[in-house]
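Only a predicted model underlies this, so the values are computations on that prediction, with no experimental measurement involved. Numbering of residues begins at 1 and proceeds along the displayed sequence.
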Amino acid sequence: MSSSHRSRFLQLALRADALRFGDFTLKSGRQSPYFFNAGLFNSGALLAELAGCYADAIAAHGVAFDLLFGPAYKGIPLATAVACEFARRGHDLPLAFNRKEAKAHGEGGTLIGAPLAGRRVLIVDDVITAGTAIREALAIIREAGGMAAGIVIALDRQEAVDPARSRRSAAQTVADEHGLPVIAVATLTDLLDFAGSDAGLVAQRERLLAYRAAYGSEDAT
């Protein structure tokens, strides 16, 4: 695993219990040998360390953007933490997020934070599963006059949405549909590499490989 932010992220996810191994039934109905829950990065210290991993992944990709956008709900604390990390590094970025339901009083609307109009917007979220939340975020950005610059997520499971028809993952599909880069702090491939080099996780690797053989996308090599 060449990038230190990838191994740092996976170590952090294990420490926070956000990455677990066992038998899990996913929303898709698939039986997975691992599960990731970004909601368990639930302290200031964990979020700060996670934000450092995100910022390093963004910097390594080199995507050009002007504003961070966090889709409700998990994207809100993630984008906020990443904005704080960039400010700590000397790059103060505008930040915006949405609420699920429009507010009828006060400032109204669904958007909170900096204006999106005329800005290149980087979406910050935890995962892309079916791509529905990301498509909603893209529509919000477009309607507000912004231009989506890319999407950054914590973990790309690199799973085919429908293996019987195509080996394209949700992340690949969203990237192709909208012509946007999808940046993952770490991927299933990284997790396999990490499991192979960590004595405590070697026993999990065969089950991960079997799961990838059954459901892995074409980029999960």
Side-chain angles (χ1 to χ4, degrees), residues 1 3-58 68-86 88 95 97-100 122-134 136-137 151-159 169-171 174 182-205 207-208 211-212 215 220:
M1 193 182 303
S3 299
S4 64
H5 65 263
R6 301 180 188 278
S7 57
R8 284 191 355 256
F9 165 74
L10 292 170
Q11 289 164 356
L12 175 66
L14 287 169
R15 196 166 74 244
D17 209 24
L19 177 61
R20 302 178 182 180
F21 297 93
D23 293 293
F24 304 95
T25 302
L26 304 182
K27 191 175 181 180
S28 63
R30 294 173 185 172
Q31 292 298 122
S32 173
Y34 75 106
F35 188 72
F36 175 70
N37 178 8
L40 291 172
F41 295 106
N42 54 15
S43 76
L46 289 172
L47 275 171
E49 197 170 341
L50 176 63
C53 296
Y54 267 90
D56 286 347
I58 293 165
L68 293 167
F69 180 81
Y73 290 103
K74 286 183 181 175
I76 296 173
L78 292 173
T80 303
V82 173
C84 290
E85 174 62 18
F86 272 107
R88 189 187 69 81
L95 167 72
F97 54 91
N98 68 301
R99 49 169 67 95
K100 286 284 190 181
L122 182 64
I123 299 169
V124 183
D125 214 343
D126 58 342
V127 295
I128 296 178
T129 305
T132 306
I134 293 297
E136 290 174 357
I151 304 151
V152 57
I153 58 175
L155 182 68
D156 184 354
R157 289 181 61 100
Q158 294 179 306
E159 287 186 30
S169 70
V174 167
V182 175
I183 305 160
V185 179
T187 66
L188 174 59
T189 301
D190 297 320
L191 178 55
L192 280 162
D193 291 345
F194 184 75
S197 61
D198 186 290
L201 297 180
V202 168
Q204 307 294 339
R205 196 167 188 274
R207 296 186 71 215
L208 290 170
Y211 190 78
R212 182 176 72 173
Y215 301 115

* To do: To the nearest 0.5 Å, tell me how far L50 CG sits from L78 CG.
  => 6.0 Å

* Structure fact -> Closest non-hydrogen contact found for A13 with F36 is CB-CE1, 4.4 Å

* To the nearest 0.5 Å, how far apart are CD1 in I76 and CG in N98? -> 6.5 Å

* Asked: Can you tell me how far CG of L26 sits from OH of Y34, rounded to the nearest 0.5 angstrom?
  -> 8.5 Å

* From T80 atom OG1 to L47 atom CG, the distance as rounded to the nearest 0.5 Å -> 9.5 Å

* Under the salt bridge (Lys or Arg N to Asp or Glu O under 4.0 Å) test, residues paired with D156 that sit two or more places apart -> none

* Structure fact -> Between the CG atom in L19 and the CD atom in Q11, the distance rounded to the nearest 0.5 Å is 11.5 Å

* Asked: Heavy atoms, side chains only, cut-off 4.5 Å: are N37 and K74 in contact?
  -> yes

* Is Q158 close to L192 at the side-chain level, that is, under 4.5 Å between some pair of heavy atoms? -> no

* **Smallest separation among heavy atoms of F194 and S7, with atom names** => CE1-O, 4.2 Å

* Check L10 against D190 and note the closest heavy-atom contact, atom names and distance. => CD1-O, 3.9 Å

* **Close side-chain approach of F21 to L14, heavy-atom, < 4.5 Å** => yes

* **Spacing of OG1 belonging to T25 relative to CZ belonging to R30, to within rounding of 0.5 Å** => 13.0 Å

* To do: Can you see which heavy atom on I183 is nearest to which on A57, and at what distance?
  => CG2-O, 3.9 Å

* Considering non-hydrogen atoms only, spot the tightest contact between E85 and A55 and give its length. => CG-CB, 3.8 Å

* Residue pairs passing the side-chain hydrogen bond (donor to acceptor under 3.5 Å, both in side chains) test where at least one lies in residues 45-57, sequence neighbours excluded -> R8-D56, R15-E49, D56-R89

* To do: Please answer whether the main-chain N or O of G22 pairs with a side-chain N or O of R207 as donor and acceptor at a distance below 3.5 Å.
  => yes

* Asked: Is any side-chain heavy atom of T129 closer than 4.5 Å to a side-chain heavy atom of K27?
  -> no

* Any donor-acceptor pair under 3.5 Å linking the side chain of R157 with the backbone of L188? -> no

* Closest non-hydrogen atom pair, F69 against A137 -> CE2-CB, 3.9 Å

